[in-house]
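Any value given below was found using the heavy atoms of this structure, including those in side chains, with hydrogens, waters and symmetry copies removed. To find a chain, count down the sequence lines: A is the first, B the second, and so on, and within it residues start at 1.
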Number of protein chains: 2
Amino acid sequence: MADKVTIADVARAAGVSRQTVSNALNTPEVVREETRRRVLDVVEELGYRVNLAARQMRTGRSRLIAARIDPEQDGINGSVGDRFLHGLTETAAAEGYRVLLYTAKANGDDGEIAAFDDLLGAHEPDAFVLMATHHGDRRTSWLTERGVPFVTFGRPWSEPTAAGHPWVDVDGAAGTDAATRHLLSRGHRRIGFLGWPKGSGVGDDRREGWRRALAEVGLGTAGLFTETEDDVAPGEQAARRLLDADPEITALVCASDSLALGALHVARAPGPAWHAGGHPHRPVAVVGFDDTPVAKAIGLTSVRQPIGEVASSCLRQLAHQLDGGAGAPPEHLLLPPSLVVRASG
Amino acid sequence: MADKVTIADVARAAGVSRQTVSNALNTPEVVREETRRRVLDVVEELGYRVNLAARQMRTGRSRLIAARIDPEQDGINGSVGDRFLHGLTETAAAEGYRVLLYTAKANGDDGEIAAFDDLLGAHEPDAFVLMATHHGDRRTSWLTERGVPFVTFGRPWSEPTAAGHPWVDVDGAAGTDAATRHLLSRGHRRIGFLGWPKGSGVGDDRREGWRRALAEVGLGTAGLFTETEDDVAPGEQAARRLLDADPEITALVCASDSLALGALHVARAPGPAWHAGGHPHRPVAVVGFDDTPVAKAIGLTSVRQPIGEVASSCLRQLAHQLDGGAGAPPEHLLLPPSLVVRASG
DNA sequence: TTCCTTAACTTGAACGATCAAATCATGCAT
DNA sequence: ATGCATGATTTGATCGTTCAAGTTAAGGAA
């Protein structure tokens, strides 16, 4: 049990000073080649590993990156956060970092800021990864003011994007655009959009992609859009509303898989609503967003975000900022999603 | 920007020594009431918070608990891990701990053990939380040998349960037992079981619950059981096999929601298999296991594990072991699941 | 030779906390 | 009075690392 090999043990065994060992490991260029090799051999032999707590004390760096784990909302869209965390953790390990989890109660931004404060006072993570940016996000300004490094999965929807903090995002509009084109190519002409209340950056962006795809082929969007809370039941009601109001609609693009699932309930199990209208059966194509496990399970066509790539980009960007050049300007990366076509449309 | 308030700052401001401040915070009973109060006031005023890195150096305790984040398998059962992590993180915060994530490539136990080694050498978590224990689990013996505290979500399937490490588990047999009774109460008599290959502790346990529920009412299980890999497509094939072989079967209990989903594909969209057998339509009740988001989405009756409780029990047990009495014997907690009845059965 | 520069390495201090032992009162029995 | 246990507080050392400054030796220019 060769427990607790310290840098001093290595120094003694290699016949050099502590500092030389430290240099051989962290600043190899200042150590003579031969010495470096000898030290590294001893390190290997004794199984030395730096004690991060001690290093942190001296350098102030913990090699910890904090990320939030959300309470699953409806459990459907939750899987995005899961994949994201997994991606973060994997890339973090490759870059010599670890992911530290935190939660925040429902108090919104302020609740999360309180969590920041707690963490910074105790475990002192080197950086944060934030998800779900939104208009007037107070979290980003709080961190910026304090000079705490962070990246966001999501654009800053309010500030001018030119300056500001580094971020990675998925081009939601491109996703719904592709979904809409796909439906057009299958012959659909009246294509509705089932979205969230206006004012959310993400939701508005996704609606915009649908709008512009229709506009490009000269189709308007009047009466084709409705909005509701992001859950299955509301989605079902909203879809019914939309389909009842306009009997010509044959396809729906949805802002999330939750909504799409609600829409599918209407599309697949035709109810009295349009029996009354004279349609014994009315096939409506549905496209969701996020390609969650549920989408796969029920054969729902959906827009897939490259979550793994987003995660590793976020983390690499942080690692670069923390370890490498602090001078480089914050990067902004917009990744394209892809459409996964299944039975629903 | 009153950055970096140290214990020395507090000591100076309160007119006492560093050690007294430390005592006032960590061992209040040795400090005079009046002094304690004065120190605590200054702590409040200056916003002092212990530097965990420094403390860790001295005490060897990081207040970090490591847990693995799995790569989502089929994405369906993955949500269990997600809920579990969330529960851990919440309870951890309440107990003054944080959850540190790690991943392990596909190398099985040895891969995870390598991750243990890495973590212990670097961030030195105080304990581990393991999931998915199985026969001959090498991880638990590795940790035990090294005296690293840990709990498992899952019984030790090999060792005698009396001694050993602390664990928390859900009574899977009770779950399938309840599911089977439920089906019996609805009039089903020939109830099949769709499970995993024998030899997995969890799978065998779940099959046993089904078996004993049938046995209690005098029913046998011959020809009612089949096994397959835990995924949707294999589940579908296995279900078809079982239903084809025995036309009397009217209900299926499944070892997971993935399998149940496969079974539902057969049950809800009757194929030629029993058209040929003379049944134009054959309603088969299906019950899954885990109550994943997919189950909720498609109306699948499923056995719900109290994941949140499992997580908080795991964590409280660790916290107790780490902070409180080290003398207490390891606890073993078997929690009952509950049946969530939906349209599928 | 003497001085200066540079490369290679060493030494002492410091990060911020806690442990262990020492100090200083205080009260009480002898 | 003296001694002694007890309670409250302080002092010095230490955890393992890296920073900043210091030392040593070798090489080159004056």
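Under 4.0 angstrom from either OP1 or OP2 of C/dC15 there lies no side-chain N or O belonging to B/Asn51. For the pair B/Thr20 and D/dT10, the criterion of a side-chain N or O lying under 4.0 Å from OP1 or OP2 is met. Not one side-chain nitrogen or oxygen of A/Asn23 sits closer than 4.0 Å to the OP1 or OP2 atom of C/dC9. The shortest distance between the side-chain N/O atoms of B/Ser22 and the OP1/OP2 oxygens of C/dT18 is below 4.0 Å. Under 4.0 angstrom from either OP1 or OP2 of D/dG16 there lies no side-chain N or O belonging to A/Thr6. B/Arg18 has no side-chain polar atom (N or O) that falls below the 4.0 Å cut-off from OP1 or OP2 of C/dA17. Distances shorter than 4.0 Å separate none of the side-chain N or O atoms of B/Arg58 from OP1 or OP2 on D/dT14.
Side-chain contact between B/Phe153 and B/Val168 is absent, with no heavy-atom pair separated by less than 4.5 Å. Annotation: side chain of A/Ile69 is in contact with side chain of B/Asp82 (closest heavy-atom distance under 4.5 Å).
Atom-to-atom, CZ of A/Arg63 to C1' of D/dT17 comes out at 14 Å; the value is rounded to the nearest Å. The nearest whole Å value for the distance from the CD atom in B/Glu29 to the C1' atom in D/dT6 is 16 Å.
In this structure, A/Arg68 is not positioned above the aromatic face of A/Tyr102 in the sense of NZ or CZ being under 6.0 Å from the six-membered ring centre and within 45° of the axis.
Across all strands, B/Arg49 comes closer than 4.0 Å only to sugar-phosphate atoms, never to a base (heavy-atom distances).
A donor-acceptor distance shorter than 3.5 angstrom exists from the side chain of A/Arg146 to the backbone of A/Trp142, with no hydrogens or angles considered.
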